[in-house]
2 protein chains.
Amino acid sequence: MRPEMTDTKGITRAERLAGEIADAILAGDLAPGSRLDEAGLAARYGVSRTPVREALRQLAATGLIDAKPRRGASVSHVTSRQLETLFVAMGEIEATCARLAAISMTPIERRRLEALHERMGETAARNEEAVYAEANVAFHTMIYAGANNAVISDIATGLRRRLSPFRRAQFRAPGRLTLSHGEHDAVVKAVLRGDAATAHAAMLRHVSLVEDAFEQLAQVAPHRAGG
Amino acid sequence: MRPEMTDTKGITRAERLAGEIADAILAGDLAPGSRLDEAGLAARYGVSRTPVREALRQLAATGLIDAKPRRGASVSHVTSRQLETLFVAMGEIEATCARLAAISMTPIERRRLEALHERMGETAARNEEAVYAEANVAFHTMIYAGANNAVISDIATGLRRRLSPFRRAQFRAPGRLTLSHGEHDAVVKAVLRGDAATAHAAMLRHVSLVEDAFEQLAQVAPHRAGG
DNA sequence: CTCCGACAAATTGCATGCAATAAATAACAA
DNA sequence: TTGTTATTTATTGCATGCAATTTGTCGGAG
């Protein structure tokens, strides 16, 4: 449940290894289905098998890799069916965050959300993909935090991480930036006025549309992890 | 995500240990705040420290225990504030499951839910606490399954486990059984007729009332878990 | 030619030993 | 007496070796 919140400077090798391996997977260096041999990883990272084992367990808990008792671990290769399940879950959780944010965001949080949203409008108008993508992460993170519920925001963060490799190019679709900002607008307006039900629905719709955008891209360039 | 939670007959010692320790915690044998000494546990369960370590990591991932890098692990003692956060999260997730169940339950699942609900009505009328409590677990599990989303039902199951020690006596309050059944009734009716929004609201209300019932009991017998 | 079984190789799970670090205590100075 | 520091101790993190189990291959029988 707690991947890491304020985890005390993961000084342990296992923690660092988990991060390294996760990055390698998310970056596509380790393709889905790749076998994660303990000895091999130990040699590759210059440590013994023990921290590798712990790192693998940790990653298995997040669902990033798939480990069965005596049969080793492999990069969990996500089927399109599972991917849809993940997107649906992500949508529901984000919608829940928006719902809670509408109820319990502090005035300061609302001001900051509004300010970020306006800035993103300008970014979208100038069609600056990279800048918008970065701000987008901040936007959603702000919604998670606004829920003022550590358990749910942890869940949301975990899901976001798992989906991150599939969201790389989500703003490539033509006109997606302004569309995204428009969808955000509905969410922000509802949150600011404290309309929980509408915030929920608006966020659900937004994430569903993100999923659609992904699927269109996926058809063009089927995912070989090399994203 | 993980196709199976009840992993392949946890043949490994670490898996079994994780279960044993979790049971000990949930049963109250290990009080919140208790230090979980690796060597001690290893001796107690007659194994070496290695599987104990892995079991502790596993439990830390579920939030049941709290492990910091060089400072060992201890039974995470839940503050009342965190407990409220957990209850809120549980409510939101369960409500989401109900929402999805209303949308995507198969006809067979709906029939079974209805049948169980009717049986529970009779049990409640006869005021059979233990039987009702067991059926209640099945009821909620059925809602999770009805969401037809493995990711979300996994999350719900995890939260339920974390909260289970605090729900033991939830049906002790006088008249709670028939009240519970009435709340279920609203959920079931909405789910059966495919009314997602109402199912969401009804389940949210139900879980909130469960939380209230808990808090009343908690005032009578405080857990000294607070801090 | 196919299928079944035994054997061999590789890999994981577990135990144990050592090193590193944090908590606890004792000693010393102000 | 109290505050600071050095030492001691206990516990975790890591490395390595061995045992158990799985998988792939080879041989033989049908």
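Since the model is a prediction, treat every value here as computed from it, not as a measurement. Chain letters run A, B, ... following the sequence lines, proteins first, then strands; residues in each count from 1.
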Below 4.0 Å: OP1/OP2 of D:dT23 and any side-chain N or O of A:Arg71: yes
Criterion side chain to side chain contact (heavy atoms under 4.5 Å, CB included) on A:Met203 and A:His140, from CA distance to verdict: CA-CA 10 Å; A:Met203 182 61 95; A:His140 286 271; 4.1 Å; yes
Within the 4.0 Å heavy-atom criterion, would you say A:Leu56 contacts the bases, only the backbone, or no part of the nucleic acid? nothing
Between B:Tyr144 and B:Arg160: side-chain donor-acceptor atoms closer than 3.5 Å: yes
To the nearest Å, how far apart are B:Asp37 CG and D:dT9 P? 18 Å
Taking atom CZ as the centre, does A:Arg112 end up with more than 12 heavy-atom neighbours from other residues, nucleotides or ligands that are less than 6.0 angstrom away? no
Between N or O atoms, less than 3.5 Å apart, protein on one side and nucleotides 14-16 of chain D on the other: list the pairs.
{"from": "D:dC14", "atom 1": "OP1", "to": "A:Arg13", "atom 2": "N", "distance (Å)": "2.6"}
{"from": "D:dA15", "atom 1": "OP2", "to": "A:Ser48", "atom 2": "N", "distance (Å)": "2.8"}
{"from": "D:dA15", "atom 1": "OP2", "to": "A:Ser48", "atom 2": "OG", "distance (Å)": "2.8"}
{"from": "D:dA15", "atom 1": "N7", "to": "A:Thr50", "atom 2": "OG1", "distance (Å)": "2.9"}
{"from": "D:dT16", "atom 1": "O4", "to": "A:Thr50", "atom 2": "OG1", "distance (Å)": "3.3"}

Starting from P on C:dA22, measure out to NZ on B:Lys68 and report it in whole angstrom. 14 Å
Taking everything shown except B:Glu114 itself, do over 12 heavy atoms lie less than 6.0 Å from its CD? yes
Identify whether the distance between the nearest side-chain nitrogen and carboxylate oxygen of A:Glu54 and A:Arg13 falls below 4.0 Å. no
Can you tell me how far C1' of C:dA20 sits from CD of B:Glu38, to the nearest Å? 14 Å
Under 3.5 Å, is there a donor on one side chain and an acceptor on the other for B:His206 and B:His184? yes
